[in-house]
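Report on the following structure.
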Amino acid sequence: MTAKPSANKLWGGRFQQRTDRRVEIFTASIPYDWRLYRHDIAGSIAHCRMLGQCRIISAKDADSIVAGLEEIRDEMDREIREGRFVPDPSLEDIHTTIEQRLLEKIGPAAGKLHTARSRNDQIALDLRLYLRDEIDQIVSLLRGFQKALVGRARETSDAVMPGYTHLQRAQPVVVAHHFLAYYDMAERDRRRLKDCRTRVNVLPLGAGALAGSSFPLDREMVARSLGFEAVSSNSLDSVSDRDFVVEFLSAAATIMVHLSRLGEELVLWSSSEFGFVELPESFCTGSSIMPQKRNPDVPELVRGKAGRVFGALMALLTILKGLPLSYNRDLQEDKEPLFEAVDTVKGCLEIMTPAVAGLRIDAARLLQAARQGFLTATEVADYLVRKGLPFREAHQIVGKAVAEAARRNVELGALGLATLRSFSPAFEEDVLAVLEVHNSVASKNLPGGTAPARVRERIAQIEEEWRREED
Ligand code: ARG
C-alpha cells in the first residue's frame, strides 16, 4: 500500500493531491511555534487524563498517551538545549509535530488524543498557558528592577538634584524621589500584568473547532489540573479571542515606554553636558574610531527596542480588526509579534536592572547643578506670599530679581539683601535660608512631595508592602 498523499497531515483524509511544498512552507508555523511545546504537551496531558477519567478513551490508552507525551517533552527539552531540534515544515505546527512523534512512539492509540479537540481550541490553550508563564516571569523581573531602584533611592534620599520641566532646570528634588518615580511606574506595570493575567487564565479547551463538543467532557477538571481560574463561556469566542494578547502587549508597550524614558535619561545624564551619572564601564561600549568614547549603548538600545513592542501591539490590533467569527488562519500571525515582545521586554528588564544597580551617581555634580539656575525662585515668591503679598505680585518681583541676577551672572543669594530689598521691602534677612536648596526640598513635605523625610517614609512603606507580600 502506498502512503496517502498527505499521510502525515492531521487533515489528509479528504485530499488526493500532495500539498504544494510552497504552501507547506508558507503556512507552516512550526519554525516559531515549537516554543509552545511544553505548554502544548501539558495541555494534551490534562486533556488526555480527562478523556480517560470520563471514559471517552480507555484508561490503558490514556496511560500510554500520557507516558508517550512525557517522553516527547523530555526528548524535546534535550534536543532544544543541545540545538538539535529541526522544525519540519511538512509537519505544519507544534500540534502536528508532537502528534506525529506520539504516533511513532505508541502507534495508533496516539490518534485518540485529539478526540473532542481541535487545533483551534488547542492553540488558544497553548497560548494562554505560555503567556501566563511569561507574565509571571515578567512580574518577577519587574520586582527585581524595582528593588534596584529602591536600592539606589535608599542611598540618595538626601542628595539634591535639579528637577526638570521642559528639560529646563525647574526646582530642586532629591535624587531618590526621581528613582522612586520609576518605581511607581513599574508598580503600575506589575499590577496591569497581574490584572491581565486574570483574563489570560481562562480555559478555552472544550470549545472544539468553534461549536463545543458532543462528548461528555469535564472542562472543570481540565481547568483545575492546569491551574485555570475559570472555563470560557462561549465556544465561538474561545477560539477567536486574542484580547488577552492585545492586553498583554499594551501592558508590555507601557513597560517599554517607561524603560525607554529611563534609558533616555541615562543617555542624557551620562553625557559630559550633564555628567550626573556614569554607567558601569562593563555596561558601556567604545567607538571603533574615537578612542575617548564611552558610549551608553545599553540604554540607547532599550530606547530603540521599544519600537518592536509597539509594533507587536499594532500588529495584533490589525490582525484582529477585520476577522469574522470564529477562528481564521490570520490568528496564526499572533505568535511572532507576541514572542518578540516577550523576549524584548524580558531582555530589557534583565539589562536595565543591573545598569541601575551599577550606576555611579555624582552627588556633588548634581548638587552643584541644583544650585545653578534660580531653582529656588518659586520658594522666594512663596516667601513673599507668607509676608502678605499676593502670589502674582510676588511672582513679578522675583522675576525682576532673577533678571537682575542673570544680568550680573550670579545666583539670587549673591545679589545680597540690599539689592533684593530694592525689589521689595518685604525681603528680610531670613530670605537667604529660603534660597538654600536643602531647605527647599525639606519644605516639600506633603504626601508625594520630595522632602527627604517623606521620601524615606515612602521607602519604608514600600519595604513594608514587600514584607507583607512575602507572608
Ligand atoms: N498554527 C495554527 C495557529 O497558530 C494552529 C491552529 C490551526 N488551525 C487550523 N484550523 N488550521 O493558529
Side-chain angles (χ1 to χ4, degrees), residues 133-159 161 174-194 251-272 274-287 293-309 339-366 455 458-459 462-463 465-467 469-470:
D133 273 2
E134 294 295 351
I135 286 176
D136 291 344
Q137 286 178 44
I138 296 171
V139 163
S140 98
L141 286 172
L142 278 166
R143 183 39 53 91
F145 174 59
Q146 289 179 309
K147 292 218 152 130
L149 291 165
V150 171
R152 302 322 302 263
R154 272 190 212 106
E155 307 156 28
T156 51
S157 61
D158 283 310
M161 66 176 283
V174 295
V175 178
H177 202 47
H178 202 103
F179 283 118
L180 292 181
Y182 283 99
Y183 176 90
D184 279 0
M185 296 177 226
E187 185 57 20
R188 292 193 296 276
D189 289 334
R190 278 179 74 252
R191 293 184 190 186
R192 253 187 293 277
L193 284 179
K194 288 183 149 199
T254 310
I255 295 174
M256 289 308 296
V257 169
H258 295 152
L259 291 179
S260 179
R261 291 180 82 165
L262 178 59
E264 167 68 5
E265 296 205 308
L266 294 183
V267 171
L268 283 175
W269 290 7
S270 62
S271 69
S272 28
F274 279 79
F276 289 175
V277 299
E278 247 181 36
L279 285 159
E281 193 165 277
S282 55
F283 271 62
C284 293
T285 50
S287 156
K293 289 301 284 292
R294 205 164 168 281
N295 294 332
D297 294 31
V298 166
E300 288 174 88
L301 276 169
V302 167
R303 198 174 56 186
K305 282 174 190 287
R308 295 179 186 239
V309 181
F339 293 162
E340 177 165 37
V342 164
D343 292 347
T344 302
V345 168
K346 286 165 78 179
C348 290
L349 283 168
E350 274 161 0
I351 201 78
M352 281 301 251
T353 300
V356 166
L359 220 50
R360 202 184 68 73
I361 299 165
D362 191 338
R365 173 107 180 184
L366 284 159
V455 169
R458 172 71 185 133
I459 294 171
I462 290 167
E463 286 167 341
E465 278 165 23
W466 289 349
R467 266 193 298 279
E469 265 170 42
E470 272 160 27

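Computed from a predicted model, the values in this text were never measured in an experiment.
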**OP:** Before giving the answer on side chain to side chain contact (heavy atoms under 4.5 Å, CB included), spell out for L359 and R152 the whole-Å C-alpha distance, their side-chain angles and the decisive distance to 0.1 Å.
**Re:** CA-CA 9 Å; L359 220 50; R152 302 322 302 263; 3.4 Å; yes

Original post:
Is there a donor-acceptor contact under 3.5 Å linking the side chains of T285 and N295?
Top reply: no

Original post:
Heavy-atom count around R143 CZ within 6.0 Å, excluding the residue itself: above 12?
Top reply: yes

Original post:
Which heavy atom in A251 sits nearest to a heavy atom in R192, and how many Å separate them?
Top reply: CB-CB, 4.3 Å

**OP:** Rounded to the nearest 0.5 Å, what's the gap from CZ on R360 to CZ on F276? Could you check?
**Re:** 13.5 Å

**OP:** Write down the atom of V356, the atom of F179, and the distance for their closest heavy-atom approach.
**Re:** CG1-CE2, 4.4 Å

Subject >> Gap separating the CG atom of L193 from the CG atom of D136, nearest 0.5 angstrom >> reply: 9.5 Å

Original post:
Between CZ of R294 and OG of S271, what distance do you get to the nearest 0.5 Å?
Top reply: 12.5 Å

**OP:** Please report the shortest heavy-atom distance between D189 and H258, naming the atom on each side.
**Re:** OD2-ND1, 2.8 Å

Subject >> L180 side chain reached by L149 side chain, heavy atoms, under 4.5 Å >> reply: no

Original post:
Who passes side-chain contact (heavy atoms from CB on, under 4.5 Å) against E265, sequence neighbours left out?
Top reply: H178, Y182, W269

Subject >> Straight-line distance of F274 CZ to M161 CE, nearest 0.5 Å >> reply: 9.0 Å

**OP:** To the nearest 0.5 Å, tell me how far I351 CD1 sits from L259 CG.
**Re:** 12.0 Å

**OP:** Please step through side chain to side chain contact (heavy atoms under 4.5 Å, CB included) for the pair I255 and L142, ending with a clear verdict.
**Re:** CA-CA 9 Å; I255 295 174; L142 278 166; 4.0 Å; yes

Original post:
What's the verdict on side chain to side chain contact (heavy atoms under 4.5 Å, CB included) for T156 and I361, showing C-alpha distance, side-chain angles and the deciding distance?
Top reply: CA-CA 9 Å; T156 51; I361 299 165; 3.9 Å; yes

Original post:
With a 4.0 Å cut-off, would you call E187 and R190 a salt bridge?
Top reply: yes

Subject >> Reported CD1-to-CZ distance for the pair I462 and R467, which is rounded to 0.5 angstrom >> reply: 12.0 Å

Original post:
Does R154 pair with E463 as a salt bridge, N-O distance under 4.0 Å?
Top reply: yes

Original post:
Considering only heavy atoms from C-beta outward, does the side chain of E134 approach that of Q137 to under 4.5 Å?
Top reply: yes

**OP:** For the pair T353 (side chain) and E350 (backbone), establish whether a donor and an acceptor sit closer than 3.5 Å, ignoring hydrogens and angles.
**Re:** no

Original post:
Do you know the tightest heavy-atom contact between P296 and P299?
Top reply: O-CD, 3.1 Å

Original post:
If every non-hydrogen atom of L279 is compared with every non-hydrogen atom of C284, which pair is closest and at what distance?
Top reply: CB-SG, 3.7 Å

**OP:** Please tell me if the side chains of V345 and V309 come closer than 4.5 Å, counting only heavy atoms from C-beta onward.
**Re:** yes

Original post:
Given side chains that start at C-beta, do those of K147 and V150 come closer than 4.5 Å, heavy atoms only?
Top reply: no

**OP:** Please indicate whether R191 has more than 12 foreign heavy atoms, meaning atoms of other residues, nucleotides or ligands, lying under 6.0 Å from its CZ.
**Re:** no

Subject >> Salt-bridge criterion met for R303 and D297 (N-O under 4.0 Å) >> reply: no

**OP:** Show the numbers, then the answer: is there a side chain to side chain contact (heavy atoms under 4.5 Å, CB included) between L266 and M352?
**Re:** CA-CA 10 Å; L266 294 183; M352 281 301 251; 4.1 Å; yes

Original post:
Can you find a heavy atom in the side chain of K305 that is under 4.5 Å from one in the side chain of C348?
Top reply: yes

Original post:
Are there more than 12 heavy atoms of other residues, nucleotides or ligands under 6.0 Å from atom CD of E465?
Top reply: yes

